[in-house]
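Sharing a structure with you now.
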Amino acid sequence: MSDLKKDIQFVKGIGPKKAYKLNKLGIFTLKDLLYYFPRQYEDRNNLKKIVELKNEDKATIKALIVGVTTSNPRKGMTLTKVDVKDETGYAKLVFFNQPYISNTFKNGDTVLVFGKVKKEFKNIEFRSCEIEHLSNSPKNACKIMPIYPLTFGVTNKEIISIIKSVLLNKELTIKEYLPKDIIDKYKLCSIDYAIRNIHSPSNKESFKIALYRIIFEEFLILQLGLFMFKNGVTEVEGIKFEENEKLKDIINSLPFKLTKAQNRALNEIIEDMKSSKVMNRLVQGDVGSGKTVVALLSLANCVLNGYQGALMAPTEILAEQHYISLTETLRGFGMNVELLVGSLTKKQKERVLERVKNKEIDILIGTHALIEDKVEFGRLGLVITDEQHRFGVRQRGKLSDKGNNPDVLVMTATPIPRTLALILYGDLDISIIDELPPGRQPIDTIAVSKDKRDRAYNNLVRSEVEKGRQVYIVCPLVEESESIEAKAAVELVDELKQEYFSDLRVGLLHGKMKASEKESIMKSFKNKDLDILVSTTVIEVGVNVPNATLMIIENAERFGLAQLHQLRGRVGRGKHKSYCILIYASKSEVCRQRMSIMEETNDGFKISEKDLEIRGPGEFFGTRQHGLPELRIANIFKHMKILKIAQQEARYIIGEDLKLQKFENKLLKNEVIDKFEHVAREISLN
Ligand code: ADP
Ligand code: MG
C-alpha cells in the first residue's frame with residue numbers, strides 16, 4: 001500500500017461507507033487523508049478536579065459514574081443525564097438525542113470526560129462532551145488530542161480512529177520526496193515522522209519537529225510553484241552600491257550597540273544594495289524593535305555612495321522626529337538632512353525643492369508631500385517608507401518613480417494582507433527584527449471598566465509623575481471627523497485639568513493643530529516640560545519619548561487591537577518599567593475578549609492574528625483569494641520566518657534548476673505539480 005494516490009475506499013479498514021463520509025470532507029485518496037491535518041489540539045494531560053472547574057473552561061476530568069437517567073422532555077427529544085463524581089464534587093454529563101448512549105454508561109465505571117464546562121452556582125454540567133471509558137482503553141488515556149475540521153455526519157472520534165488504523169498498518173510507507181540535501185541542510189524530520197506526529201503527537205517536542213517540517217514543505221512547494229510559473233519575469237537592473245568603510249564609523253558613533261537582529265537586517269540590506277538587482281525589501285519588526293536606526297544606516301550607505309535618499313513617514317510628527325534623530329546622528333558626517341512636510345510655507349518648500357534637485361540635500365524626509373509631482377531628485381538612490389501599512393502600494397511606487405530604479409525599503413510592525421501577498425509572490429524580500437533592544441521590560445497592560453477611571457487617574461498617573469516619568473492619555477477615537485475629534489480632545493483636557501490634574505503640566509496634541517504647534521508641544525513633552533500629553537491618535541505611530549512610562553487609553557473598545565498595540569508601543573521605550581491602562585465602557589463579550597488579549601500579550605503578531613480571529617477573517621490571510629493553492633498548516637502571517645527560509649531555498653533551487661528536471665528534484669516536482677494542478681482544476685470548475 002505504498003501508493004498514496006489510492007482511492008480511499010480501497011484502503012484497508014475503510015470501505016465504501018466510510019469513504020463516502022470522507023469524500024464529504026474532500027478526502028478522496030490516501031494522501032488526502034494523511035494530509036487532513038487537525039485544526040487544533042487539546043492537551044488532555046492536564047486533568048482537573050471537579051472543584052476547580054470554572055464556567056466556560058475546556059477541561060478534562062476523571063470521574064466515577066454514579067447514576068444514569070433518560071427522559072423525554074418533549075416529543076422526539078431524548079435527554080440523557082449522567083451523574084459523575086470525583087473526590088472533590090459532583091457533575092452532570094448531558095446528552096441530547098442520543099438515546100443509545102445511556103447503554104454505554106454503567107454505575108461504578110470510571111471515565112475521562114472532556115468538554116466545555118457550564119457552571120451555574122454549584123451546578124456543573126458538561127454538554128456534548130467526549131467520553132473515554134478508562135476500563136476499556138487504559139493505555140490511551142490522557143494525551144494530546146487532535147481536533148479535526150469536520151462537517152456534518154463525521155465525528156472527531158471517527159476520523160481519529162480511521163487515521164489511527166491507517167497509520168498503524170504496517171504496509172504503509174510514506175515516501176520522502178524532499179531532496180536529501182534539503183532535509184540535511186534544514187535538519188528536517190522525514191515526511192513519515194511528520195505525518196505520524198502531526199496526527200498523534202507523542203509529546204510536544206515531536207509535534208514541534210513535525211510541524212516545522214510540514215510548514216517548511218508547504219512554503220517550499222508553494223514558492224517553487226510560484227517561481228516556476230512566473231519564470232520569464234526579468235529582474236530590474238538597479239544601482240550597484242559599494243560598501244563604504246565610513247559606515248562603520250557611523251555605527252560606532254551610535255549611543256548604543258546594534259542588536260543581533262538589527263545587524264542581520266542591516267547586512268541583508270547592504271547586500272541587496274551591493275547587487276545590481278533593484279532592492280525591494282520589507283523590514284518587519286515589532287513596535288520598539290529599533291527599525292529607525294536600520295533605516296538611518298541604509299540611507300547613510302546610500303549617501304556615502306554619492307546618491308540621495310528619501311524617507312517617507314505617514315504623519316508630520318513622525319517625519320519631524322525622524323528628521324531630528326537623523327540630523328543629530330548624520331550631521332557630524334557631513335550629510336545634509338532636510339524636512340519636507342505639508343505645513344511649510346510656499347517659500348520654504350520651494351527652497352527645499354530646489355536644493356533637492358541640485359543635490360545639495362542628501363536625505364529628504366517627509367510625509368506624502370514627498371510624492372507630489374513637483375518633487376524632483378537630482379540623483380535618488382534609495383527610497384524608504386516607514387510604517388508602510390499606512391500607505392498604499394501605489395504611493396510607494398510613486399516615490400521610486402522619482403529616481404532611476406532606486407532601491408526600495410519598506411518598514412512596518414504589522415504587514416497587511418496586501419504586503420503579505422507581495423512577500424508570498426516573491427516581489428518583496430523580508431528582513432525580520434525579532435529582538436528588542438536590551439533592558440526593555442515588558443509593558444504591563446491592565447484593562448479597567450469606566451467606573452475605575454478615577455482610580456487610574458488619581459493613583460497611577462500621580463505615582464509615575466512623582467517618579468519623574470511622563471504620561472500619555474489618548475482620547476477616544478472619533479470616526480466622523482478630525483474636527484469633532486479635536487473638539488473632544490480639547491474637552492477632555494479641560495476635564496482632566498479641572499478634576500484631576502490642576503497642579504500638573506498638561507499638554508494637548510491633535511490633528512487640527514498647526515504643524516508648528518504640534519512641533520512645539522512634542523518638543524516640550526520630549527524636554528520634560530510637560531507631565532501629561534493628552535492626544536488623539538496622531539501619536540499612534542513612531543513617536544519616541546523613552547521617559548514616558550504610562551499610557552492611558554480612553555474608550556479603548558473603539559480601537560482595533562493592532563492600533564492599541566501601536567499606541568501602547570509609545571511607552572516601554574526606555575529602561576523604566578511601563579504600564580498601559582485601557583479604559584473601556586462596553587460590557588460586551590467581544591470587548592472583554594479583546595481587552596484580555598491586550599492584557600495577555602505584548603507580541604504584535606499574535607495580537608493581529610487574534611484580532612482577525614475575533615473579527616472572523618474567513619480566508620482573509622489565506623491564500624485562496626490570491627488564487628493560490630491552499631496552505632493547510634502554514635500561515636504566512638504567523639510563520640513568516642519559516643516562509644523566508646523556504647523562499648530563499650526555493651529561489652536557490654530554481655536558480656540551479658528552473659524546471660526541476662534534475663534527478664534529485666523529480667519527486668519534489670511531482671508535489672509542486674500536484675499542488676498547482678489542484679488549483680487549476682478548481683479555477684476551471686468555477
Ligand atoms: P520602531 O521599530 O518602533 O520604529 P525605534 O526605531 O523608534 O523603534 O526605536 C525605539 C527606541 O529604541 C529608540 O529610542 C531607539 O533609540 C532605541 N534603540 C534602537 N536600537 C537600539 C539598540 N540596539 N540598543 C538600545 N536602544 C535602541
Ligand atoms: Mg518606527
Side-chain angles (χ1 to χ4, degrees), residues 247-248 250-267 269 281-300 311-330 365-367 384-391 409-415 419 430-443 469-470 472 522 525-528 537-549 551 562-578 580 602-605 607-608:
L247 193 63
K248 294 222 172 64
I250 302 178
I251 294 174
N252 291 334
S253 78
L254 295 171
F256 45 73
K257 210 172 140 248
L258 294 181
T259 62
K260 254 201 222 128
Q262 283 171 324
N263 259 320
R264 190 170 0 103
L266 182 65
N267 286 335
I269 293 165
R281 185 169 281 279
L282 170 86
V283 176
Q284 189 268 312
D286 208 347
V287 186
S289 61
K291 296 183 287 293
T292 312
V293 70
V294 174
L296 178 150
L297 293 167
S298 314
L299 287 165
L311 173 58
M312 183 161 73
T315 64
E316 285 199 6
I317 291 174
L318 186 49
E320 166 105 10
Q321 182 185 284
H322 284 333
Y323 168 70
I324 294 169
S325 85
L326 266 71
T327 312
E328 276 170 8
T329 313
L330 296 176
I365 298 175
T367 52
I384 302 184
T385 318
D386 191 18
E387 307 292 351
Q388 190 260 344
H389 58 280
R390 291 293 206 90
F391 292 101
L409 197 60
V410 297
M411 304 196 295
T412 186
T414 34
T419 313
I430 337 152
S431 291
I432 300 167
I433 305 185
D434 53 359
E435 178 187 4
L436 294 178
R440 295 277 176 81
Q441 302 176 52
I443 302 164
R469 303 286 92 76
Q470 290 162 284
Y472 291 105
M522 273 322 291
F525 192 60
K526 223 169 181 157
N527 293 338
K528 304 187 193 170
T537 50
V538 292
I539 55 150
E540 179 183 339
V541 289
V543 168
N544 187 36
V545 178
N547 189 50
T549 51
M551 153 112 352
Q563 205 176 9
L564 288 175
H565 181 61
Q566 281 278 352
L567 282 168
R568 173 171 68 181
R570 299 314 113 217
V571 297
R573 298 189 146 244
K575 54 183 185 294
H576 308 292
K577 176 85 191 160
S578 293
C580 174
N602 272 303
D603 179 335
F605 254 23
I607 288 170
S608 317

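Just so you know, ligand 1 is whichever comes first in the structure, and atom 1 is the first atom listed for that ligand. Each residue takes its place number in the sequence, starting with 1.
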Exercise for review: Classify the contact between Lys257 and ligand 1 as side chain, backbone, both or neither, using a heavy-atom distance cut-off of under 4.0 Å.
Suggested key: backbone
Check your understanding: Do His565 and Asp286 have side-chain atoms, one donor and one acceptor, less than 3.5 Å apart?
Key -> yes
Review point. Just which atoms of ligand 1 are under 4.0 Å from any heavy atom in Thr259?
Key: 23 (N)
Practice item. May I ask whether Arg440 places a heavy atom under 4.0 Å from ligand 1? Key: yes
**Study point:** Sub-3.5 Å N/O-N/O distance, Pro438 and ligand 1
**Key:** no
Exercise for review: Sort out for me which residue in Leu258, Thr292, Leu330 forms a side-chain contact (heavy atoms from CB on, under 4.5 Å) with Leu297.
Suggested key: Leu258
Check your understanding: In ligand 1, which numbered atoms sit nearer than 4.0 Å to a non-hydrogen atom of Val287?
Key -> 3 (O)
Check your understanding: Applying the side-chain contact (heavy atoms from CB on, under 4.5 Å) test to Tyr472, which of Leu567, Val545, Thr549 qualifies?
Key -> Val545
Exercise for review: With heavy atoms only and a cut-off of under 4.0 Å, state how His322 meets ligand 1: side chain, backbone, both or neither.
Suggested key: neither
Point to revise | Interfacing atoms of ligand 1 (cut-off 4.0 Å, heavy-atom, Leu258) | key: 23 (N)
Review point. Would one find an N or O of Arg573, backbone or side chain, under 3.5 Å from an N or O of ligand 1?
Key: yes
Study note, to complete from the structure: If we number the atoms of ligand 1 from 1 as shown, the ones under 4.0 Å from a heavy atom of Thr292 are 4 (O), 5 (P), 6 (O), 7 (O)
Review point. Run the side-chain contact (heavy atoms from CB on, under 4.5 Å) check on Leu299 and Leu326 step by step: do they pass?
Key: CA-CA 10 Å; Leu299 287 165; Leu326 266 71; 3.7 Å; yes
Exercise for review: Taking only Lys NZ, Arg NE, NH1 and NH2, and the carboxylate oxygens of Asp or Glu, determine whether Lys260 and Asp434 approach each other closer than 4.0 Å.
Suggested key: no
Point to revise | Side chain, backbone, both or neither: Asn544 near ligand 1, heavy atoms under 4.0 Å | key: side chain
Practice item. Would you mind reporting whether His576 and Asn547 have side-chain heavy atoms less than 4.5 Å apart? Key: yes
**Study point:** Close N or O approach (Gly288, ligand 1; < 3.5 Å)
**Key:** yes
Exercise for review: Check the pair Arg281 / Val410 against side-chain contact (heavy atoms from CB on, under 4.5 Å), numbers first and verdict last.
Suggested key: CA-CA 6 Å; Arg281 185 169 281 279; Val410 297; over 6 Å; no
Practice item. Grab the two heavy atoms, one from Ile433 and one from Ala265, that are nearest each other, plus how far apart they are. Key: CG1-CB, 4.1 Å
